[in-house]
Amino acid sequence: MISKKLITLGTLAATVLVLGACNSDNKDSKDSSSDSKTETSMSSSVDAVSGASISDKPEVIEKALGKDGNWIVAATADITFDKDVTVSGEFHDKGEASGDIYRKLALYAQDSDKKVTDEYTLTVPELVVETENFNIVNGTVKGDIMVKANGFVLNGTKVDGKVTFEKEEYKTSATLDKEGAEVTGDVTVK
């Protein structure tokens, strides 16, 4: 019984360290504090209870980006979708109702010093963004992005495709070049 408790505590401690790394990075000052209330499983499948979904499984990432998903979604490897994926729902910074409306997709790993150690590619025909203040941090999105909400941010991310905004208002409120982010295709308004 004691060994099971020690294993569980060890897994939880490691999980908190990983989430702390995903939860705060030098490139995104909005996420500069660790969220110790966040708990997930370290395996490829996710048992998210409060703030984050971390996985290398497309079906887990897709569900986490949905309206009943999480405020922070982190890939742990390259992810490929053969269909369009929609980011929907309203989420708040750190998963707290009192926080600003904010959502993050982390396409990277980092060490305990918050240095990015790996970046991942999300391959998708089209990523449809319906969530306000959605921030993609690092990595590459290989495919097109359709933005249907205000406050879209690319933070150190490369988009190997085009970005289309449903309205001029959404384009005006977006930041597409934070920390060297770039879009290789056209940036247009529908």
Side-chain angles (χ1 to χ4, degrees), residues 14-15 17-25 27-28 30-31 35 38-89 91 95 102-111 114-149 152-164 174-176 178-185:
T15 301
L17 286 174
V18 168
L19 288 175
C22 287
N23 209 9
S24 60
D25 59 69
K27 290 189 174 188
D28 186 9
K30 193 167 215 166
D31 292 335
D35 182 7
T38 304
E39 296 177 36
T40 65
S41 168
M42 296 238 339
S43 67
S44 294
S45 63
V46 169
D47 298 325
V49 242
S50 66
S53 268
I54 300 174
S55 183
D56 64 353
K57 304 278 187 218
E59 62 275 11
V60 173
I61 296 295
E62 182 178 19
K63 183 176 181 183
L65 290 171
K67 66 181 177 106
D68 296 321
N70 302 87
W71 81 274
I72 185 170
V73 180
T76 59
D78 293 343
I79 304 283
T80 299
F81 294 98
D82 58 4
K83 62 179 182 171
D84 295 349
V85 174
T86 300
V87 181
S88 61
F91 293 82
Y102 177 74
R103 196 168 192 193
K104 177 179 175 179
L105 172 61
L107 296 176
Y108 66 98
Q110 65 184 13
D111 63 20
K114 299 178 185 164
K115 180 181 176 195
V116 174
T117 58
D118 205 355
E119 293 189 330
Y120 308 115
T121 298
L122 179 94
T123 303
V124 61
E126 185 173 67
L127 184 66
V128 180
V129 178
E130 297 177 350
T131 295
E132 189 176 348
N133 298 330
F134 183 61
N135 185 4
I136 304 175
V137 183
N138 293 335
T140 299
V141 175
K142 190 173 182 181
D144 297 332
I145 300 176
M146 168 57 79
V147 181
K148 299 181 174 188
F152 178 68
V153 177
L154 295 175
N155 183 352
T157 306
K158 177 182 178 183
V159 176
D160 188 5
K162 63 184 178 182
V163 176
T164 305
T175 303
L176 302 181
K178 188 173 181 179
E179 296 294 333
E182 67 174 303
V183 179
T184 63

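Keep in mind that the numbers below use all heavy atoms, side chains included, and drop hydrogens, waters and symmetry copies.
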Set of residues satisfying side chain to side chain donor-acceptor pair (under 3.5 Å) with respect to Thr184, sequence neighbours excluded: Asp160

Ala181: side chain to side chain contact (heavy atoms under 4.5 Å, CB included) partners, not counting sequence neighbours: Leu154

query: Distance from Glu130 atom CD to Leu65 atom CG, nearest 0.5 Å?
result: 12.0 Å

- line: Rounding to 0.5 Å, atoms CZ (Phe152) and CG (Asn135) come to a distance of 8.5 Å

query: Taking only residues at least two apart or on different chains, which pairs with a member in residues 140-149 satisfy side chain to side chain donor-acceptor pair (under 3.5 Å)?
result: none

message: Let me confirm one number: the OG1-OH distance from Thr117 to Tyr108, rounded to the nearest 0.5 Å.
response: 10.0 Å

query: Atom CD1 in Ile72, atom NZ in Lys104: separation rounded to 0.5 Å?
result: 4.5 Å

- line: Sequence neighbours excluded, the answer for side chain to side chain donor-acceptor pair (under 3.5 Å) partners of Thr157 is none

query: Out of curiosity, Phe91 CZ to Asn133 CG, how far, rounded to the nearest 0.5 Å?
result: 13.0 Å

Pairing residues for Glu132 by the salt bridge (charged side-chain N to carboxylate O under 4.0 Å, His left out) criterion, not counting sequence neighbours: none

- request: Mind checking side chain to side chain contact (heavy atoms under 4.5 Å, CB included) for Ala64 and listing every partner two or more places apart, or none if nothing turns up?
  value: Ser53, Asn70, Val73

message: If the condition is side chain to side chain contact (heavy atoms under 4.5 Å, CB included), which residues does Thr164 pass it with, not counting sequence neighbours?
response: Met146, Lys162, Thr188, Lys190

statement: Contacts satisfying salt bridge (charged side-chain N to carboxylate O under 4.0 Å, His left out) that involve residues 61-89 (not counting sequence neighbours) are Glu62-Lys83

message: Using modelled atom types and a 3.5 Å cut-off, is there a donor and acceptor pairing between side-chain atoms of Ser55 and backbone atoms of Ile61?
response: no

- request: Could you check whether the rings of Trp71 and Tyr102 sit parallel, tilted or perpendicular, using 30° and 60° as the cut-offs?
  value: tilted

field: Distance-minimising heavy-atom pair for Phe81 and Pro58
entry: CE2-O, 3.2 Å

query: Taking atom CG of Leu176 and atom CD1 of Ile136, what is their separation to the nearest 0.5 Å?
result: 10.0 Å

message: Tell me which one of Val147, Leu127, Val141 satisfies side chain to side chain contact (heavy atoms under 4.5 Å, CB included) with Val163.
response: Val147

statement: For Ala75 and Leu107, the nearest pair of non-hydrogen atoms, with its separation, is CB-CD2, 3.9 Å

